[in-house]
Each structure stands twice: as structure tokens, then as C-alpha cells.
Number of protein chains: 2
Amino acid sequence: MIENCETLEQIANLARVSRSTASRVINSSPYVSLRARKQVLKVIHRTDYQPHQAVRTLVARRTNTIGLIIPQPVPRLFTDPFFPQLAQGISEVCHRRGYYLMLTLMATHADRDSLYRRMLHSGQLDGILVASAVLDDPIIPCLQASHHPCVLVGRNPTYPDIPWVDVDNVTGARRMTEYLISLGHRRIATITGSLNTVPGQDRLEGYRQALAQAEIAIDDTLITEGDFTEESGFYTMKRLMRLEPTAVFAASDLMAIGAIKALKQAGRSVPDDVSVAGYDDIPAAVRMEPQLTTVQQVVFDLGRMAAEKLIMLLDDPDASAYPLLPTTHLVVRGSTRTADRWPKPES
Amino acid sequence: MIENCETLEQIANLARVSRSTASRVINSSPYVSLRARKQVLKVIHRTDYQPHQAVRTLVARRTNTIGLIIPQPVPRLFTDPFFPQLAQGISEVCHRRGYYLMLTLMATHADRDSLYRRMLHSGQLDGILVASAVLDDPIIPCLQASHHPCVLVGRNPTYPDIPWVDVDNVTGARRMTEYLISLGHRRIATITGSLNTVPGQDRLEGYRQALAQAEIAIDDTLITEGDFTEESGFYTMKRLMRLEPTAVFAASDLMAIGAIKALKQAGRSVPDDVSVAGYDDIPAAVRMEPQLTTVQQVVFDLGRMAAEKLIMLLDDPDASAYPLLPTTHLVVRGSTRTADRWPKPES
DNA sequence: CTATCATTCGTGAACGCTCCCAATATATTC
DNA sequence: GAATATATTGGGAGCGTTCACGAATGATAG
């Protein structure tokens, strides 16, 4: 199956140098005369030579390949473009840094163990990126046992010592809540994501911070737990309506969409009666009426950072391990407006 | 970076056989006694041995790795879950068949050529899957020159001889149109996708076939070209409305959504005045009011077939190369209804 | 002119596996 | 019981690199 005919030996012969010298040129060793280097580079260019990756791996004990593992069948995989964007970012960095990217999606966890073993022990990977693992995913202990450098995409408090990158959910949620406050809202409800997930917790934390900062008393009845889905947004909003918040911060766009449906069904107008904000900026957010004010996470950057960080770790295992957080962006659209109006918004 | 300490030699010693015999066991050669096989398997299991992939590649001249290349920054990548589903299907087959999957996304085509070379000439890949290439993508000639077995995901009439798999756009569109006919519609308009794309053409062809089959004269004024986007659906529908079709088949859900917006804006009811059907079954299709009748493509199956076909080709380069088409499913929801009513639907 | 040193280069070993070939053990036939 | 066929097995070569080492070259100092 391998087409690569030219060998280093042949290159060396053509350039009238030894294998070693040719190798040194390829690996940019400083101990090569200018003349020899030029010779070799010319021949390489002319013959379109590519070193045989498998052999380099064998000898140099590094594969120049990193693995991207998506351990669970993430439902989110199919409703928001998180994964393609992440992969895009990772892929870009891999190209730029001369790495290959191996992908492992885990549709069924039937033979998960054999799969993990296959990925980890085949000697195919220099390092590993794990995306969206649930907190107690069994791959993480496996990973540590295998001594592969790795970076988690998504903070995992169960393993605080593993390097990670994440979107800054706290700040994103805080900014959004601050924005709602700046519009004059004081009675701001939130529909949280599942509180047994890190993003769920973090987005709630951001909401709390913003209220505290603005010295608005936190009313626990205005905090209700959803599970990121549209249905949960719908039903939670129905209950929340009685409390007459003037604004609602939903921790996902899907829940925001559900909440808006509930409000409309009850004859309330968004944003005139109630402002609603979401989180994620899924494609549907622009496609609805009104368009959704939301928080955009630059997942592309997240992927880039994850890959950069892992490669940094490969080059220097002791590299500093502080986490990286790409910034989030507020996307203000039609579903929110000022609250500087009469107390009872019955026009 | 490589952890894999056990070597075949060690396994052989532990099992009191030679390297060769151990190798034969691993590669399921028939020329091994039951006793020896048992011995070796026991040791392998006990030591959790994994053969070193790079060496196998070096010697056996196959990598057990296939590449998935997504050559262009496909905008669709970020709005519909095509890519994750495809990858999921491919990944599943790879695991089952003992292959690794290498991913290459092409965000920018800045240094496309060097990237192609790197993927094709590094000897890393046994075969290649190309997804969603535009018709004249330069990777296809490169691919042929590199003599890699490959399978295109998406038919490419420019290269009819390259094996491919695709969703059956013609049949999907035909079925949907037949369904509209079965509801009693006779004046059925279509908003096509870009007609310089294969899916655009194929979906139009399916529409035509259904009408021809039902002996409904094809009225070319009812065929208008969009470009798969929501905006194009919106504006095309505005023009189309004057012609008073009772049903519209849009070649993408996005266009159907745009069309519905145009109709609503003009005070027409969907489905009471006009039935609208889409294509793709994107997540937003269930999230609208009314929910969209559409065609679901089992992209997951498409990925599976693509991988299966490629692996088949790797095992036997002369394997029959007939294309595989996963079936499409009609998803009937609220945006369509019977037309068996009074001629003028002004209630 | 010789000794010392830095620079540059080339040889040989090794990586861990598969494949080829020859050798051995076992079964079968006459 | 010898001769032959068959089923197993083991040893050696080789895959294309990198790396450690030592040799060669040239420059500089004494």
C-alpha cells in the first residue's frame, strides 16, 4: 500500500553525501556544511522525497501523531457544531506543527475497553486530546496509566492535575447576566443546565457573580434547573412565569428556545414582556423570531489551544500547565431589550 | 513517547515458542498447533501485549490506517450534523475492522498542496476517503497519482471511475414528490439547490421523475433555482407565490424554512394554504412551527458504507466497485397536508 | 611544524516485526 | 520399517530510519 519509493540512502547518494548527513539536513541539525545542506535540499526537492513515517516512529520513538478521543456518544454532537469546529481548530494546528491527527469517536461503548487499549498501547500516538468526557469517564485512568501526555477539552474537577483547556463558561455567563443588568433588569431568572455537569455549574456561577457584583440579592426561587434540552427549557419556563421575571438567562440556546415557546404560548411577548438570553449560539439562534441574544464560544480557538497545549507538552513535558480559556463573545440580537419601563408591562 | 514495552520476542519466550510462531498466532495463520496457539494467546492476554504498529507498517507495508479528508471548508459543516454523523459511521467501521482513522480537515487552502503531499506521500495511509469534494477539487488528481485506493463520499461525475458512495438524492426527492402527489397536490413547485452541484441536480431529477411517473406535465416556471441557503429559499418563494402552487418541495431544509417565512409574511398558512417539504432533516426541522416534513438521509450509514467499501478495496483491489446508496427516509411532519379541498383555498 | 580543537562527515548498530526458507516432528503409505 | 507426505516450528534477513561513535578535515595556537 506504500508508494514512497525514495529512501534516505538514495537521496544521500544523489547528493553525494552519507545517509547521516542527509538525515541531519532533514532534521535541521546544525552540524552540516552549507554546501552539503544545499545539495541535499535540492535533491529532496527534486525527487519530492518524504521520509517514511513508520520508520521514523520506530527509531525515534515518536509518531508525530496525536489522538482526538470523543469518548461518549455526545448528543450535542448532532445538534450543535461544537465538534466540527473543535476538530477544525485542532486540525489546523496539527498541520501547522507537522502532526497527524487520529480520530476516535465512541459511538457505542460496547467494547470500549478494547478500543482504549488499541488506541493507547499501539504506540501510534504521542499524545492525546480527550473531548467532552463525562466526569468519571474510565478513559482518564487508562490514559494516566499509559503515561501519554494528554489535554482534556473541558475542565474535569475529578482530575484537577490533568492539563486542560475549556471555554470560559463562568465569564460568558457573567457577561451575559451583566448585560441583562445593564439593560435595567433586576428580576433576572436563570434556567441552568444540568448541575451535575461542569458547564452547568459554571454558567450558574457566572450568573451568581454578576448579580453579586451588582448587589442584587440572589433569589433562589428564580434559579431553576434544566438539562440543556429544549423541553426542559419549555417546562421550566412555565413554572418560572408565575414569578414574573423581566429577563431570563438560559444556560443553553435550546433551553432559551423552549422558554420562548412557553412564553409565547402564555401570550407573553419576547422581548417586550420578557427578555430571554441563551448560550452557545447554535445555528438556530439566528433563524428564529426574534433572533436570540446569546453567548458565542469560539470553539475553533478552543480546538487550537488544546492542540497547541498538547504539542507544547510533547516538546517539553514540564511545560507550564496553566489552563487556557478562549474568550466568549456576547451576541446581542432581538430577544432582549431594555427594562426601563413601567413596572407592569401590560401595554 | 512510546510506552509499549513488551516485544514479540518476550512474548515468544514466555510462551516457550519462537518469534515466528508467536507472530503466526497474532496474524491467525493456520499453521500453528492448537497447543502453541493457546500458550501464546494466554501470554498475550496476561501481558496485555499490543504489537508495535509502526514496525508492522514498516515490514508488512500496510498501516491499517485510512484517511478521511474533507477538502474544502464546507459551510454545511457548521450548520448540519452531516460531518459528525459521517465521521461516526466511518469510525465505527474502522474500530470493527481494526483500522485507524486519520483526519484531515482543510480550513484554509493556503498550503493545500503541501498538505496533500504530506498526507499522501508519508506512507501513513492505506487508503483514503474524500468527503464532499467540489467537482474539480485538485486533490482528486493527486490522489490518483499517488495510487492510493480511495472512495469518494458524494458522486463526482468528473471522475466517474473512482469508487464512490452517496446518499440517494434522486430517490429521496422522488419519494417526497410522490408523497406530495399522493396528498392530492398537482401544482407542485420546487426550489432547487445550486444546479452546479450534484445533489442539486439529483434532487431536481427526482422531482422530475415523480411528476413524469404521475403523468403530471412539468411546468418549468414552477422550477426555480436556489442555492441551499435560507435566504435563497425566502426570495425564491416570494417570486414563486404568484404562481400559486399548492405545494413546494425545497431541496434543503434551510430553503424550506426560508420559504415558510416568505409564505407566512405574505399571510399564507403552512400547511393549510401551501404544503412545504424540505430535505436533510436538520435539527431545526423539528424545532419550528409547523414542524417540517422532510427527507432524512442516514448519513451514519453513508459513513459506514464508505469505510466498508474502502476496506473492501484494500483487501482486494479488484473488488467490484458498484456504488452504495443508503436509503433515505421520508419524515412526515406538520408542514404538509392533503390538497383535496376547494380549488381556491380562501377559507 | 606539530599539537590541539572545532567542525563536519560516515559507518554500523539498533528498533521490533514479518516473511522466506530450511529444519524438524508427526502422520501416512507401501 | 523405510519412504514419503504433511503439519509445525525456528532462524535469519531485511524494512528505512536515527543515533552514538569515531574518523577526517581544516583552523588555530604554540
Side-chain angles (χ1 to χ4, degrees), chain A residues 1-41 43-44 47-65 98 100 118 121-124 126, chain B residues 1-41 43-44 47-65 98 100 118 121-124 126:
Chain A
M1 300 302 155
I2 286 162
E3 196 36 51
N4 193 356
C5 287
E6 306 284 350
T7 85
L8 187 61
E9 188 97 47
Q10 294 168 1
I11 297 296
N13 288 341
L14 286 173
R16 308 180 168 284
V17 297
S18 74
R19 234 173 42 228
S20 297
T21 302
S23 173
R24 277 187 275 260
V25 170
I26 288 171
N27 296 290
S28 13
S29 152
Y31 302 113
V32 184
S33 66
L34 192 65
R35 221 177 57 86
R37 165 166 289 124
K38 267 191 186 164
Q39 286 278 349
V40 173
L41 287 178
V43 174
I44 286 178
T47 58
D48 208 28
Y49 167 79
Q50 284 268 345
H52 191 294
Q53 187 57 46
V55 183
R56 303 184 93 177
T57 296
L58 172 59
V59 176
R61 330 238 92 198
R62 59 148 53 208
T63 61
N64 290 314
T65 303
Y100 297 96
R118 207 166 84 90
H121 296 332
S122 67
Q124 290 265 74
D126 286 344
Chain B
M1 302 300 153
I2 285 163
E3 196 37 48
N4 192 356
C5 287
E6 307 284 351
T7 83
L8 187 60
E9 189 96 46
Q10 293 168 358
I11 298 295
N13 288 340
L14 286 172
R16 310 180 166 285
V17 297
S18 71
R19 231 174 42 231
S20 300
T21 301
S23 172
R24 277 187 277 260
V25 170
I26 287 169
N27 296 289
S28 13
S29 152
Y31 302 112
V32 183
S33 67
L34 192 64
R35 220 176 58 86
R37 165 167 288 123
K38 266 190 185 163
Q39 286 277 349
V40 174
L41 286 178
V43 174
I44 286 179
T47 58
D48 207 27
Y49 167 77
Q50 283 269 345
H52 191 295
Q53 188 56 47
V55 182
R56 302 184 93 178
T57 295
L58 172 60
V59 177
R61 329 243 88 198
R62 59 147 56 207
T63 62
N64 290 314
T65 302
Y100 297 95
R118 208 166 84 90
H121 297 330
S122 67
Q124 291 265 72
D126 286 345

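All values below come from the heavy atoms of this structure, side chains included, with hydrogens, waters and symmetry mates left out.
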Inset, instruction - With a 4.0 Å heavy-atom cut-off, tell me which residues in residues 19-28 of chain A come close to DNA chain D, sorted by residue number. - result: A:Arg19, A:Ser20, A:Ser23, A:Asn27

Inset, instruction - With the side chain of A:Ala60 defined as its heavy atoms from C-beta on, choose the nearest nucleotide among D:dC15, D:dT18, C:dT8. - result: D:dT18

Legend entry - Selection from C:dC15, C:dG10, C:dC9 that lies nearest to any side-chain heavy atom of A:Val17: C:dG10

Inset, instruction - Taking only the side-chain nitrogens and oxygens of A:Arg37, find out if one of them lies under 4.0 Å from OP1 or OP2 of C:dC9. - result: no

Legend entry - C:dG10 phosphate, OP1 or OP2, under 4.0 Å from A:Ser18 side-chain N/O: yes

Inset, instruction - Identify, with sequence neighbours excluded, every residue that meets side chain to side chain contact (heavy atoms under 4.5 Å, CB included) alongside B:Leu14. - result: B:Val43, B:Thr47

In whole angstroms, how far is the [atom2] atom of [N] from the [atom1] atom of [X]?
X: A:Gln124; N: C:dG16; atom1: CD; atom2: P; result: 16 Å
X: B:Arg61; N: C:dC19; atom1: CZ; atom2: C1'; result: 12 Å
X: B:Leu8; N: D:dG12; atom1: CG; atom2: P; result: 16 Å
X: A:Leu34; N: C:dT8; atom1: CG; atom2: C1'; result: 13 Å
X: A:Gln50; N: D:dT17; atom1: CD; atom2: P; result: 11 Å
X: B:Ile11; N: C:dT18; atom1: CD1; atom2: P; result: 12 Å
X: A:Lys38; N: C:dT8; atom1: NZ; atom2: C1'; result: 17 Å
X: B:Asn13; N: C:dC17; atom1: CG; atom2: P; result: 12 Å

Legend entry - Between CD on residue B:Gln124 and CD on residue A:Gln124, distance to nearest 0.5 Å: 7.5 Å

Inset, instruction - Calculate, to the nearest 0.5 Å, the distance between atoms NE2 and CZ belonging to B:His52 and A:Arg61 respectively. - result: 5.5 Å

Legend entry - 5' priority, DNA chain D, between B:Val55 and B:Ser33 [closest heavy atom]: B:Ser33

Inset, instruction - Map B:Val59 and B:Tyr31 onto DNA chain D by nearest heavy atom, then report which one ends up closer to the 5' terminus. - result: B:Tyr31

Legend entry - the helix from C:dC1-D:dG30 to C:dC30-D:dG1: angle between end helix axes, five pairs per end, rounded to 10 degrees: 50°

Considering all heavy atoms of both residues, which atom of [X] and which atom of [Y] are nearest to each other, and what is their separation?
X: A:Tyr100; Y: A:Thr63; answer: CD1-O, 4.5 Å
X: B:Asn64; Y: B:Asp126; answer: N-OD2, 2.8 Å
X: A:Tyr49; Y: A:Thr7; answer: CE1-C, 3.8 Å

Donor-acceptor pairs under 3.5 Å, side chain of residues 32-41 of chain B to any protein atom, not counting sequence neighbours: which ones?
unit_1	atom_1	unit_2	atom_2	d
B:Ser33	OG	B:Ala36	N	3.2
B:Arg37	NH2	B:Ser29	O	2.7

Polar pairs (N or O, both sides) under 3.5 Å between protein and nucleotides 24-26 of chain C?
none

Inset, instruction - Could you check whether B:Ala54 gets within reach of a base, just the sugar-phosphate, or nothing at all, counting any heavy atom under 4.0 Å? - result: nothing

Would you mind writing out the side-chain donor-acceptor pairs for residues 18-28 of chain A within the sub-3.5 Å range, not counting sequence neighbours?
unit_1	atom_1	unit_2	atom_2	d
A:Ser18	OG	A:Ser20	N	3.3
A:Ser18	OG	A:Thr21	N	3.2
A:Ser18	OG	A:Thr21	OG1	3.3
A:Ser23	OG	A:Asn27	ND2	3.4
A:Asn27	OD1	A:Arg56	NH2	3.0
A:Asn27	ND2	A:Ser23	O	2.9

